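For reference, the structure is listed below as structure tokens.
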Protein chains: 2
Amino acid sequence: MATLKELAKSLNVSISTVSKALNDAEDIGEETKRRVKELAETLDYKPNKFALGLKTKHSKSIGVILPDIQNPYFAEVLYGIEKAALEAGFDTLICVSNESYQQEVKSVRMLTENLVDGIIISIAKETLNLKDFQHLTNLKAKKIHLVQFDRVSPDLACDSVQIDDQESVKNATNQLIKSGKNKIALVSGLGSLNVAKNRIQGYKAALKENGISKNIKLLEVDGVDKTHVQFKNFIKQNTFDAVISIDNKSGIIFQNIMQHYFPERFKKVKIISFIHEKDALLTSPPLNFINQRGAEIGILSFNLLKQRITEKEKNKTIRKEKIIASINFQ
Amino acid sequence: MATLKELAKSLNVSISTVSKALNDAEDIGEETKRRVKELAETLDYKPNKFALGLKTKHSKSIGVILPDIQNPYFAEVLYGIEKAALEAGFDTLICVSNESYQQEVKSVRMLTENLVDGIIISIAKETLNLKDFQHLTNLKAKKIHLVQFDRVSPDLACDSVQIDDQESVKNATNQLIKSGKNKIALVSGLGSLNVAKNRIQGYKAALKENGISKNIKLLEVDGVDKTHVQFKNFIKQNTFDAVISIDNKSGIIFQNIMQHYFPERFKKVKIISFIHEKDALLTSPPLNFINQRGAEIGILSFNLLKQRITEKEKNKTIRKEKIIASINFQ
DNA sequence: GTGAAAGCGCTAACAT
DNA sequence: ATGTTAGCGCTTTCAC
């Protein structure tokens, strides 16, 4: 790897001239700049990150903390973040909390040690339950900017990006109603997350608006791994002509169980689910889906963060972006 | 963040004494070591990574390059790697190539600039097709160790960890045969990957051993996103009493399509699939699965890498670990 | 318009 | 047993 020193020697100028030339400093002659940049290009000079970090105390990199990398939604958000970060010349350090508070604290610490300029986080379930956000509030003192997405805690004063959960589910429910359904069930594998509360509220709001509030049918579980029996019982004990699944798995399971055990009833039921288009195609017939627009959320999150990193004047106004999900009937 | 300088001042000793004490150098008095370490502990001293990297040219970190983070298998391997790395005190930098050669090259470059001590990679499809491994072979000159897993290229002289694909599929096929099946189909969404070739070979070997080689039924596609029609046609045109899916999606789709369009035939068909246990539970009935033991592969990969990083004598022998998958009938 | 020098936090060879 | 010093690659102030 070429260094400033080597460039300087080759060109018979001083190290500081080379440094300034590459940084387009005012006081360097145009001709010199040209020569320096040309040689840097041919020698494929890249500034040494460690020297830079040591000197400047920041690293032109950002950290991302995801609760669960196996969830395709988070993987898609990550994709958006990385894409935007790459274009802006930032490295991305990825951490996975696995929904654990301890792991999240460790991740924050690791990112801090790596002098990231900012962190994009979707908070772990455990942290949300504990309501202990000190590791995150501490970041302000270290001048590390923070952006939350998806699992947004109102207790945290920072920019955020999320789906408008309530509005999105209300939309979806209304569309089902318009298509003639009026006994709509809702299935959630999200436990007590705020996200779940908001989505359920949207569902209830739509039923209410349409005067069918007495038809509320809720199946709530925390995680869907061993819940086949609960699903089956729910189906047996309830009448419904449509189902909204508000997490990324229960819709698939619900459809499969109906198809398996209640094939006749299944034919008359419309299911819509918060899943990725790719997963919607795993089932047959394909599932209708609520598109969470993960990549867009990622890009938006990065852009908010970048604004904070680059802005000179501290702007106190907190930005809360809400995106409406798009509804896809297949 | 506390620095050596601050510790030194507090203790009225020199910076180098502190440094040596923390590194347990021979020539520092026990009492001094104790005092230094104690203060370091209370002040929560952590060596500055940038200073260290600048000085030592390595970073006590490793890089991981995955082709696709949305694949739960890779996510699980990642989990194993991170766990092992954390225990050994290494940071993990994660890159996703999205199956793209260009992106893989960029990732290698980024990791190199970050002075990782080693890289664990599962090679992108595109790279495998192009057979251009220069970005990887170059690593040797930079003294960055390399370990491959899963998508192992024989053209690359480095340690590797993988499932014994042939043996694993042979096992699974044999078990199906023992359970009375003799018209076994194989479905692949893996395109022309070596992994696919080996798995298909295992399937054929088992059929041959059992004298039913004339019953070979193959459905091969490259990616499963828009292939419902192909699946349906295959099912219509072939008779089979069991199916082996050798990727992480086709089994689910296959089962769902059969259940949807051919419910009677479906009842007599046994399906087994290369998927994660969690995904096996998405379907009803749950899918039988071939457990790829991702976490173990991750841990093993890291351990191989760590050996290379820490060993003094360059050991020329290349280690190729092969793990047999476990077969789970539900 | 260009260069010399200090210093970021650390290690290690070389004094003492 | 402890301290001094040089230097990793870079930026930046100050001098020329």
Side-chain angles (χ1 to χ4, degrees), chain A residues 1-40 43-61 89 91 112-117 142-143, chain B residues 1-40 43-61 89 91 110 112-117 142-143 312:
Chain A
M1 283 267 98
T3 66
L4 288 188
K5 204 193 225 177
E6 288 162 32
L7 295 191
K9 195 187 277 181
S10 281
L11 294 165
N12 266 313
V13 293
S14 75
I15 293 176
S16 51
T17 302
V18 177
S19 170
K20 287 173 185 167
L22 289 173
N23 292 306
D24 263 327
E26 298 288 317
D27 52 1
I28 299 291
E30 283 309 317
E31 172 60 12
T32 314
K33 281 189 189 173
R34 214 196 38 69
R35 286 176 56 221
V36 170
K37 286 180 178 172
E38 189 181 295
L39 186 62
L43 291 190
D44 196 25
Y45 167 81
K46 294 271 187 273
N48 178 306
K49 297 192 177 195
F50 291 83
L52 218 57
L54 183 58
K55 185 73 196 170
T56 65
K57 307 293 173 210
H58 53 208
S59 59
K60 197 127 204 238
S61 68
D91 279 351
T112 310
E113 285 174 10
N114 278 286
L115 301 182
V116 292
D117 302 321
K142 294 177 185 150
K143 310 205 173 189
Chain B
M1 285 268 93
T3 65
L4 287 188
K5 204 193 224 176
E6 288 162 31
L7 295 190
K9 196 188 276 182
S10 280
L11 294 165
N12 267 313
V13 293
S14 77
I15 295 177
S16 56
T17 302
V18 178
S19 170
K20 286 174 188 166
L22 290 173
N23 291 307
D24 263 326
E26 297 288 316
D27 51 2
I28 298 292
E30 283 308 318
E31 172 60 10
T32 314
K33 279 189 189 174
R34 212 195 40 68
R35 288 176 56 223
V36 170
K37 285 180 179 171
E38 189 179 295
L39 186 63
L43 291 188
D44 195 26
Y45 168 80
K46 294 271 186 268
N48 178 306
K49 298 192 175 193
F50 292 82
L52 256 167
L54 183 58
K55 184 73 196 172
T56 65
K57 305 297 175 210
H58 54 100
S59 60
K60 196 127 203 237
S61 68
D91 280 350
M110 185 276 235
T112 309
E113 285 174 10
N114 278 287
L115 301 181
V116 293
D117 302 321
K142 294 176 185 150
K143 310 208 170 183
K312 298 258 182 284

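Here the structure is a predicted model, which is why all the values come from computation and not from measurement. Note: hydrogens, waters and symmetry copies are ignored here, and every other heavy atom, side chains too, is used. Convention: sequence-line order gives letters A, B, ...; per-chain numbering from 1.
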**Item:** NZ (A:Lys46) with more than 12 external heavy atoms under 6.0 Å
**Value:** yes
**Prompt:** Side-chain N or O of B:Thr17 less than 4.0 angstrom from OP1 or OP2 on D:dG3?
**Reply:** yes
**Asked** When you measure from every atom of DNA chain C, which of residues 28-40 of chain A have a heavy atom less than 4.0 Å away?
**Response** A:Ile28, A:Gly29, A:Thr32
**Request:** Could you check if a side-chain atom of B:Glu6 sits within less than 4.5 angstrom of a side-chain atom of B:Thr3, using non-hydrogen atoms only?
**Result:** yes
**Item:** Spacing of B:Asp27 atom CG relative to C:dA15 atom P, expressed in whole Å
**Value:** 15 Å
Polar atom pairs (N or O), protein with nucleotides 8-10 of chain C, under 3.5 Å:
unit_1, atom_1, unit_2, atom_2, d
C:dC8, O3', A:Lys57, NZ, 2.9
C:dG9, N2, B:Ala51, O, 3.4
C:dC10, OP1, B:Tyr45, OH, 2.5
C:dC10, OP1, B:Asn48, N, 3.3
C:dC10, OP2, B:Leu4, N, 2.6

**Asked** Roughly how many Å is it from NZ in A:Lys9 to C1' in C:dG3, rounded to a whole number?
**Response** 17 Å
**Message:** Looking at every heavy atom in both A:Asn114 and A:Ser61, which two are closest together, and how far apart are they?
**Reply:** O-OG, 4.4 Å
**Message:** How many whole angstroms separate atom CG of B:Asp24 from atom P of C:dA12?
**Reply:** 14 Å
**For the student: nearest non-hydrogen atoms of A:Ser59 and A:Leu115, plus distance** = OG-O, 2.7 Å
**Request:** Would you mind reading off the distance between B:Lys20 atom NZ and D:dT5 atom C1', rounded to a whole angstrom?
**Result:** 11 Å
**Request:** Indicate the atoms forming the closest heavy-atom contact of A:Ser14 with A:Thr17, along with that distance.
**Result:** OG-OG1, 2.9 Å
**Message:** Please check this pair: side chain of B:Thr56 against backbone of B:Leu52, looking for a donor-acceptor N/O pair closer than 3.5 Å.
**Reply:** yes
**Message:** I need the minimum non-hydrogen distance between A:Tyr45 and A:Ala2, along with the two atoms involved.
**Reply:** CD1-O, 3.3 Å
**Message:** Is any side-chain heavy atom of A:Lys37 closer than 4.5 Å to one of A:Asp24?
**Reply:** yes
**Request:** In plain terms, say whether A:Glu38 and A:Arg34 are close enough for a salt bridge, that is, a side-chain N and a carboxylate O under 4.0 Å apart.
**Result:** yes
**Request:** Round to the nearest Å and state the distance from A:Leu11 atom CG to C:dT2 atom P.
**Result:** 12 Å
**Prompt:** Would you say the side chain of B:Leu39 lies within less than 4.5 Å of the side chain of B:Ser10, judging by non-hydrogen atoms?
**Reply:** yes
**Asked** Given that A:Ser16 and A:Glu26 both sit by DNA chain C, which one's nearest nucleotide is further toward the 5' end?
**Response** A:Glu26
**Item:** Inter-axis angle, terminal five-pair segments of the helix from C:dG1-D:dC16 to C:dT16-D:dA1 [nearest 10°]
**Value:** 50°
**hbond_proxy A:Ser14 side chain to C:dT2 base (donor-acceptor, 3.5 Å cutoff)** = no
**Prompt:** What is the distance from CG of A:Leu22 to P of D:dT12, rounded to the nearest Å?
**Reply:** 13 Å
**Request:** Compare all side-chain heavy atoms of A:Lys60 with those of A:Asp117 and state whether any distance is below 4.5 angstrom.
**Result:** yes
